[in-house]
Amino acid sequence: YHSAIDLAERGARVAIVTGFFVPQADPRAAETDGPLGAVCLAELLMAMGIETRLVTDSLCANAVRIAADAAGIGDGTVCVCDDPSDDWIDAFVRHQFSGELSHLIAVERVGPSHTFESLVRQQRPNEPPIEAFEAKVAVHSQDHCHNMRGVIIDEYSGRLHRLFEFVTSEYPQVRTIGIGDGGNEIGMGTIPWEDLEMRLMGDHSASIPCRIATNWTIIAGTSNWGAYALAAATALIRNQSHLLLNWPVERHEQILSEMVIHGPAVDGVTRCAEPTVDGLPFLTYIQAWEGLRRVCQEAAEF
């Protein structure tokens, strides 16, 4: 809620980072969770008068562009940034917008795992669990991007997490928001490593949590739902919840289908090119959005 208040009150120029490539899928492609929520959030922010860009890497670029085009915001909105050096970062922050960046948001974007240093830096009520971390996380697994199966996927992940590290270090006035659902996404570094590790399943659970922290972290059943919730809350706070009416169920379904067919894009759980999100049939998946629209409408009427 606090992230939505800040976005509603201070939002002026926003960059939304998204795209999670699934190399084990058939076909190898970006997953449907992430871009769909990111373009909905971006379109609604733009409708509120907030300058917005979508940021992704080359492997996910086509799926994100297809989603943006289908949402009617494709012209000049998508920025592809995956230079292996950091040379692009300062230029992006300083010159991509008409003025100073106000918010940086990640929606289902993988980030590198914890190191000893990041573990110790985390805020927690007790001492950091150094012995448990060293026993469970091998050195060769630290500071790498992992999928939820514990496989290192650095070569498919770009370095967009560096944008968050750069902003935190050089532009602390820029507010950051991380939206995720599994633990390996940018923003999960806000949550103590041990809290995430004990909630994840599998032999590699300790290696999965992402070390990149954000000012606020939104955890949802799917990351798209988290992006929807942020968009809906921001619109409600700005007394512009009527904008949600521009996103009927059919619009979500159309964009999802366009992504799968022309992106291509795949379901991140089933790893198949089908119009589903994290294994959820569309009619089940979209219920969260319908509920958000209903709540916002009732709140606006009240």
Side-chain angles (χ1 to χ4, degrees), residues 14-25 28-45 52-71 73-74 77-82 104-111 145-148 153 156-158 160-161 163-164 176-188 210 212 214 217-231 252 255-260 262-280 282 285-286 288-289:
V14 178
I16 304 174
V17 181
T18 193
F20 198 129
F21 194 75
V22 187
Q24 302 88 359
R28 298 171 9 138
E31 69 167 294
T32 53
D33 194 22
L36 184 56
V39 298
C40 178
L41 174 60
E43 196 274 346
L44 286 167
L45 291 178
T52 306
R53 300 285 187 276
L54 292 161
V55 185
T56 192
D57 58 35
S58 57
L59 287 174
C60 298
N62 202 56
V64 175
R65 284 195 181 110
I66 291 295
D69 287 343
I73 59 170
T77 300
V78 180
C79 305
V80 181
C81 306
D82 57 2
L104 179 61
I105 304 171
V107 183
E108 185 69 10
R109 179 69 197 186
V110 69
C145 295
H146 295 74
N147 64 17
M148 291 304 293
I153 54 172
Y156 306 105
S157 302
L160 296 184
H161 69 277
L163 183 57
F164 286 80
T176 58
I177 303 171
I179 302 174
D181 58 21
N184 57 351
E185 304 95 348
I186 290 172
M188 294 295 178
C210 175
I212 305 297
T214 48
T217 300
I218 298 172
I219 301 175
T222 77
S223 295
N224 283 346
W225 291 348
Y228 294 161
L230 179 60
H252 290 272
I255 295 171
L256 179 58
S257 297
E258 292 284 330
M259 282 179 59
V260 171
H262 300 295
V266 297
D267 185 305
V269 171
T270 68
R271 296 187 285 187
C272 296
E274 54 190 1
T276 58
V277 178
D278 282 357
L280 298 173
F282 179 78
Y285 158 79
I286 203 60
W289 173 253

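Atom set for the values below is all heavy atoms of this structure, side chains included, hydrogens, waters and symmetry mates excluded.
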Would you mind writing out the side-chain donor-acceptor pairs for residues 14-21 within the sub-3.5 Å range, not counting sequence neighbours?
from, atom 1, to, atom 2, distance (Å)
T18, OG1, G34, O, 3.3
T18, OG1, V107, O, 2.8

- So, for M148 and G182, which heavy atoms are closest and what is the spacing to 0.1 Å? CE-O, 3.3 Å
- Item | Heavy-atom check, side chain of H262 versus side chain of D69, under 4.5 Å | no
- Query: Of all heavy-atom pairs between H146 and N184, which one has the smallest distance, and what is that distance?
  - Reply: O-ND2, 2.9 Å
- Taking the side chain as every heavy atom from C-beta outward, state whether I105 and L230 have any atom pair closer than 4.5 Å. yes
- Message: Pair D278, W225 - check side chain to side chain contact (heavy atoms under 4.5 Å, CB included), show working.
- Response: CA-CA 11 Å; D278 282 357; W225 291 348; over 6 Å; no
- Query: Are T56 and R65 side-chain neighbours, meaning at least one heavy-atom pair lies under 4.5 Å?
  - Reply: no
- Nearest heavy-atom neighbours spanning L44 and A231: CD1-CB, 3.7 Å
- Message: Just so I know, are the side chains of P35 and V64 near enough to count as touching, which here means a heavy-atom distance under 4.5 Å?
- Response: yes
- Evaluate the side chain to side chain contact (heavy atoms under 4.5 Å, CB included) criterion for residues I153 and C145: first the C-alpha distance (whole Å), next the side-chain angles of each, then the deciding distance (0.1 Å), finally the verdict. CA-CA 6 Å; I153 54 172; C145 295; 4.1 Å; yes
- Item | Shortest non-hydrogen contact between A25 and V266, atoms and distance | CB-CG2, 3.7 Å
- Task: List for me each residue that meets ring-ring contact (aromatic ring centres under 6.0 Å, His included) alongside Y228, sequence neighbours excluded, and say none if there are none.
- Result: H252, W289
- Message: As a quick check of understanding, evaluate side chain to side chain contact (heavy atoms under 4.5 Å, CB included) for I219 and M188, giving each step before the final call.
- Response: CA-CA 9 Å; I219 301 175; M188 294 295 178; 3.9 Å; yes
- Query: What heavy-atom pair brings L160 and D57 nearest, and what distance separates the two atoms?
  - Reply: CD1-N, 3.9 Å
- For L54 and A68, which heavy atoms make the closest approach, and how far apart are they? CD1-CB, 4.0 Å
- Note on the structure: Sorted by chain and number, sequence neighbours left out, salt bridge (Lys or Arg N to Asp or Glu O under 4.0 Å) with D181 holds for none
